[in-house]
Asker: 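Okay, here's the structure, questions in a sec.
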Amino acid sequence: MADTNYERQNPAYYVLIAILIFMSIGPVILLLTNSLKLDVDITSGAGGLLFMPTIRNYETALCDILWYEPDHLRFCTIRFGGAFINSLIIALISTALTLVFGCMAAYALVRFKFMGRDTASLSTLAVRMIPPAVLLVPVFALWNNAFCLDNDYGLGMWIRDTFGGRGDVCLAGTHSGIIIVYVAMNLPFVIWILQSFIVQVPRSLEEAARVDGAGPFQVFFLVVLPLIKPGLAAASIFTFRIAWNEYLLASALADRDTMTVPILIVNNASEFDGLGTIMATGMLLAIPPILFTLFASRQIITGMTAGAVKG
Amino acid sequence: MNRATPYMFIAPAALIMILALFYPIGYMIWGSFRDWDPSQNISETEFVGLQNYVRLWMDPSFWESFSVTLIFAFVVVTAEMVIGVGLALLLDRNIRGMSVLRTLFILPMMIAPVVVGLVWRFMYHQTYGTFNRFLEWAGETWLGGLLGLGTVDWLGQNPLLSVIIADIWQWTPFIFILSLAALQSLPRSALEAARIDGATGWQQVIYIKLPLMAPVLIVTMLLRLIDAFKVLEVILVLTGGGPGLSTEILALRIARTAREFRELGEASAMSIYLLMMLMILTFFMFGFTRWQEARARKIKYAAEQEG
C-alpha cells in the first residue's frame, strides 16, 4: 500500500501502545539492568533504574575466557566462556547444515516428480510436531549405546569414520552428537518454509539456465539459491534460534566439556546466590536473538507468515 | 535429467532425518514394550508387552500430569488467541512506527525459554520480585489498602497460573503478528463497502474481519496448540514441575521418569501417548488445510466462470 498518510489517533491510543511496549520488553530490560547491578542492589530494590552500572557480573561469568584476571575474583567458578563457545559451535554448524540439506530437499520436493515424493513430503510435515521431550529417551539411549564409537560394526563404526568424535566413547558427549539431533529436528521446518519460497521462483529462469548447459546442481546453486535469499534468511534465523536456545536434548547428550549455555543456566538458576552473575549469563544468551530481531524482524515475520498461511 | 537427480537432492536430509528422527522413534516404540533400564543393553531387557502402557493408564498421577498438560495448553492458547487477535484488531491502523512496534513485540518469542524462566522466576520472587514489590507498594497506598492488596506467593500458591502468565507473555506475539498480517491482507473493497453501508466498528469486526481471517486464525491456533505441548524449559526453571504435581506437564514428566527414575520403558510409553495426542491434532490441521485449499480452488474457479 502506497498511502503514507498516517491517521491521527486518540492520545489514549498512544498511552495504550506505550503500556503494551512496556509489558512486552519490560522483562528484557529488567534482565539487562539486573545484570549490570551488584547483588546487594538487586535484592535491596533501591533505586530501580538509578544505580551505578558495573560489568563485574559479566567478568565473573566470562572469567574462564578473559585475558585478564578480574580483581574481585579469586576462583573462576562459573565456566561460562567455554559453554558460550560450545553453544556457538553447535548452533552455527547445525544451522549451516540444516540450511544446505533443507533447501536441497525442498527444491527436490517442489520441482521434481519422483517415486516416494508424496511420502517424503507428508512425513516431513508430520514430524514437525514431534516435541524434543519425545526424542529424549531414544536419542539418549542410542547415542550412549548403539551409536557408540567403540562398536566395531554397523552404525557406530560408520559414524566414527564419518564424523570423528573423541574416540573413547560415544556420539553422546560430542558436538557432532548434538548437532545431528538439531539438524534432524530443524529440517522439517526449514523444508516446509523454503518450499513456499521456491514455488515462487519462475521456471523459465531455470529452463534458460538448463538450455545454456547448466547441470541440475548448477541451476540450483547459481540460479535458485540467490533468488530465495529472503527465505534463507528467515529459515536460518529460526534454526539458529532453536539450536541456540534448546536445553533438554543438549542436557541429555552433553558432558562437562560440551555443555551449552542453557544447561549452565538451568544448573545454576535454582541457587539464587550470584543473582547478578546468572542474570549476566542470561543476558549473554539473549543477545544474539535480540540482535537478530532488531536487524531482521522483517524476515522473521515473513518466515512466520509463510509458515502459517501455508498450513 | 538423470533419474537419480531428485534422490541426490533429497538424500542428505533424508539420511539425517532417518538416523536421528525416524530410527530413534522406532527404537523408542520397541523399547516401550520392554522393562528398559538404561544400564542394560536393550536387547537383553525383558519383553513385557503392554505393561508400561497399562501401568500408566492405571496411574492417577499420570492422569494428573495429563490433565495439567491439557489445561496448560488450552488455557494459554485461548488466552493468547483472545489477546493476540484483540491487539491485532486494535493496532491495525495506519500509524507511524508500526514496524518498530512489531519488532519490539516479537522480542519475547526469540528469547531462550530458560532465560524467560530465569527472568520470570526473579519477577515472581516472594520478597524481592518485581510483582510483590509493586503489590507491597500498592498495598500501602490509600486505595490499595482499601482493596486489601498484599504480596502473593506466586510460585508456591499459584504455580500453574504463574507459568501460564509467563507463557502468555512469550507467545501472544506469535498470534498477534500472524493475525495482524492476516488483517492487513484482507480485501480493502469488502471493508470499504461495509463502511459505506454504515457498519459500526464492532459490526465490521464481527461480520467481516473475523470471518475473513478465520482460515489463518484456525491454522495459527492449531500451530500454537501443537507448540504448547512442547513447552518445557520455562516451567522447568520456574517451578520444576512442583509444588507436588501441580505444574508437571507431560514433557517434564517424561524427562524426570527417564532421568531420575531411570524407567526408560515407561518414559517411552508416555512419549507415545503424547505423540498420539499430537497426531490427532496434526491430523485435524491437515484435514483443515486440505479442505481450505479445495474451497479456495472452488471459489477461484467460480470467479473465473463468472468473469
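First the proteins, then the strands, lettered A, B, ... as listed; each starts at 1. Since the model is a prediction, treat every value here as computed from it, not as a measurement. Because only heavy atoms are used, hydrogens play no part in the values below, and waters and symmetry mates are left out as well, while side chains stay in.
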Asker: Over all heavy atoms of both residues, which pair between B:Asn52 and B:Gly31 is shortest? Give the atoms and the distance, please.
Answerer: ND2-O, 4.4 Å
Asker: I'd like to know if the side chain of A:Ser251 reaches the main chain of A:Ile263, judged simply by a donor and an acceptor atom lying under 3.5 Å from each other, with no hydrogens or angles considered.
Answerer: no
Asker: Measure distances from A:Leu20 to the heavy atoms of chain B and classify the residue's part below 4.5 Å as side chain, backbone, both or neither.
Answerer: both
Asker: Going by the angle between their ring planes, with limits at 30° and 60°, are B:Tyr23 and B:Tyr27 parallel, tilted or perpendicular?
Answerer: tilted
Asker: Checking A:Ile300 against chain B: side chain, backbone, both or neither under 4.5 Å from a heavy atom?
Answerer: side chain
Asker: Among the options A:Val183, A:Ile301, A:Val261, pick out the one with the most heavy-atom pairs lying under 4.5 Å from chain B.
Answerer: A:Ile301
Asker: What part of B:Ala258 gets within 4.5 angstrom of chain A, counting heavy atoms only: side chain, backbone, both, or neither?
Answerer: side chain
Asker: Which answer fits A:Pro27, side chain, backbone, both or neither, if we ask what part of it has an atom under 4.5 Å from a heavy atom of chain B?
Answerer: both
Asker: Please look at A:Leu294 and chain B and tell me whether the side chain, the backbone, both or neither of the residue comes under 4.5 angstrom of a heavy atom of that chain.
Answerer: both
Asker: Do you know which two heavy atoms are closest between B:Leu238 and B:Gly117, and how far apart they sit?
Answerer: CD2-O, 3.6 Å
Asker: Of the non-hydrogen atoms in A:Ile198 and A:Cys103, which two are nearest, and what is the gap between them?
Answerer: CD1-O, 4.0 Å
Asker: Please classify the contact between B:Leu232 and chain A as side chain, backbone, both or neither, with a heavy-atom cut-off of under 4.5 Å.
Answerer: side chain
Asker: Heavy-atom distances under 4.5 Å only: say whether A:Arg128 touches chain B with side chain, backbone, both or neither.
Answerer: both
Asker: Is chain B contacted by the side chain of A:Phe238, its backbone, both, or neither, given a heavy-atom distance below 4.5 Å?
Answerer: neither
Asker: Chain A heavy atoms under 4.5 Å from B:Met98: which part of the residue, side chain, backbone, both or neither?
Answerer: neither
Asker: Are more than 12 heavy atoms from other residues, nucleotides or ligands located less than 6.0 Å from atom CE of B:Met276?
Answerer: yes
Asker: Could you tell me which of B:Ala14, B:Gly26, B:Ala112 has the largest number of non-hydrogen atom pairs under 4.5 Å with chain A?
Answerer: B:Ala112
Asker: Please flag which part of B:Trp30 lies under 4.5 Å from any non-hydrogen atom of chain A: side chain, backbone, both or neither.
Answerer: neither
Asker: Please state whether the side chain, the backbone, both or neither of A:Val134 comes within less than 4.5 Å of a heavy atom of chain B.
Answerer: both
Asker: Counting only non-hydrogen atoms closer than 4.5 Å, does B:Leu274 touch chain A with its backbone (N, CA, C, O), its side chain (CB onward), both, or neither?
Answerer: side chain
Asker: Can you tell which part of B:Thr282 gets under 4.5 Å to a heavy atom of chain A, answering side chain, backbone, both or neither?
Answerer: side chain
Asker: Could you tell me whether the side chain of A:Thr98 and the main chain of A:Asn186 form a donor-acceptor pair under 3.5 Å?
Answerer: no
Asker: Is A:Leu248 in contact with chain B via its backbone, its side chain, both, or neither, using a 4.5 Å heavy-atom distance?
Answerer: both
Asker: Does B:Trp169 offer a backbone N or O that forms a donor-acceptor pair with the side chain of B:Thr172 under 3.5 Å?
Answerer: no
Asker: Any sub-3.5 Å donor-acceptor pair from A:Trp244's side-chain atoms to A:Leu285's backbone N or O?
Answerer: yes
Asker: Under 4.5 Å heavy-atom distance to chain A, tell me which part of B:Tyr7 shows up: side chain, backbone, both or neither.
Answerer: side chain
Asker: Which one wins on heavy-atom pair count under 4.5 Å against chain A: B:Ile106, B:Leu264, B:Leu180?
Answerer: B:Ile106
Asker: What part of B:Ile218 lies closer than 4.5 angstrom to a heavy atom of chain A: side chain, backbone, both or neither?
Answerer: neither
Asker: Which region of A:Tyr107, side chain (C-beta onward) or backbone (N, CA, C, O), has a non-hydrogen atom less than 4.5 Å from a non-hydrogen atom of chain B, or is it both or neither?
Answerer: side chain
Asker: Output the option from A:Ile25, A:Leu30, A:Val190 having the highest count of non-hydrogen pairs under 4.5 Å with chain B.
Answerer: A:Leu30
Asker: Answer with side chain, backbone, both or neither: which region of B:Leu101 has an atom nearer than 4.5 Å to a non-hydrogen atom of chain A?
Answerer: side chain
Asker: Heavy-atom distances under 4.5 Å only: say whether B:Ile111 touches chain A with side chain, backbone, both or neither.
Answerer: both
Asker: Check whether any side-chain N or O of A:Tyr182 sits under 3.5 Å from a backbone N or O of A:Ile242 as a donor-acceptor pair, and report yes or no.
Answerer: no
Asker: Can you measure from CD1 (B:Ile25) to OG (B:Ser271) and round to the nearest 0.5 angstrom?
Answerer: 9.0 Å
Asker: Mind checking whether A:Phe112 and B:Phe9 have parallel, tilted or perpendicular rings, split at 30° and 60°?
Answerer: tilted
Asker: If you look at every heavy atom in B:Ser65 and B:Glu248, which pair is closest and at what distance?
Answerer: OG-O, 3.1 Å
Asker: Looking at B:Leu252, B:Leu275, B:Ile254, B:Ile226, which one has more heavy-atom pairs under 4.5 Å with chain A than the rest?
Answerer: B:Leu275
Asker: What part of A:Ala120 is in contact with chain B, defined as an atom under 4.5 angstrom from a non-hydrogen atom: side chain, backbone, both or neither?
Answerer: side chain
Asker: Can you tell me which portion of A:Met283 sits under 4.5 Å from chain B's heavy atoms? Options are side chain, backbone, both or neither.
Answerer: neither
Asker: Rounded to the nearest 0.5 Å, what separation is found between the CG atom of A:Leu253 and the CZ atom of A:Phe140?
Answerer: 8.0 Å
Asker: Name the member of A:Asn34, A:Val28, A:Val181 that forms the most heavy-atom pairs with chain B at distances under 4.5 Å.
Answerer: A:Asn34
Asker: Quick one: are A:Leu187 and A:Phe101 in side-chain contact, heavy atoms under 4.5 Å?
Answerer: yes
Asker: Does any backbone or side-chain atom of B:Phe22 lie under 4.5 Å from a heavy atom of chain A? Answer side chain, backbone, both or neither.
Answerer: side chain
Asker: At a 4.5 Å cut-off on heavy atoms, which part of B:Met109 comes close to chain A: side chain, backbone, both, or neither?
Answerer: both
Asker: Quick one: is the NZ or CZ of B:Arg133 closer than 6.0 Å to the six-membered ring centre of B:Trp137, and within 45° of its axis?
Answerer: no
Asker: Counting only non-hydrogen atoms closer than 4.5 Å, does B:Met8 touch chain A with its backbone (N, CA, C, O), its side chain (CB onward), both, or neither?
Answerer: both
Asker: Please flag which part of A:Ile130 lies under 4.5 Å from any non-hydrogen atom of chain B: side chain, backbone, both or neither.
Answerer: both
Asker: Grab the two heavy atoms, one from A:Leu142 and one from B:Pro24, that are nearest each other, plus how far apart they are.
Answerer: CD1-CA, 3.6 Å
Asker: Measure from the side-chain N and O atoms of A:Ser24 to the backbone N and O of B:Leu104, and report whether any donor-acceptor pair falls under 3.5 Å.
Answerer: yes
Asker: What part of B:Thr130 lies closer than 4.5 angstrom to a heavy atom of chain A: side chain, backbone, both or neither?
Answerer: side chain
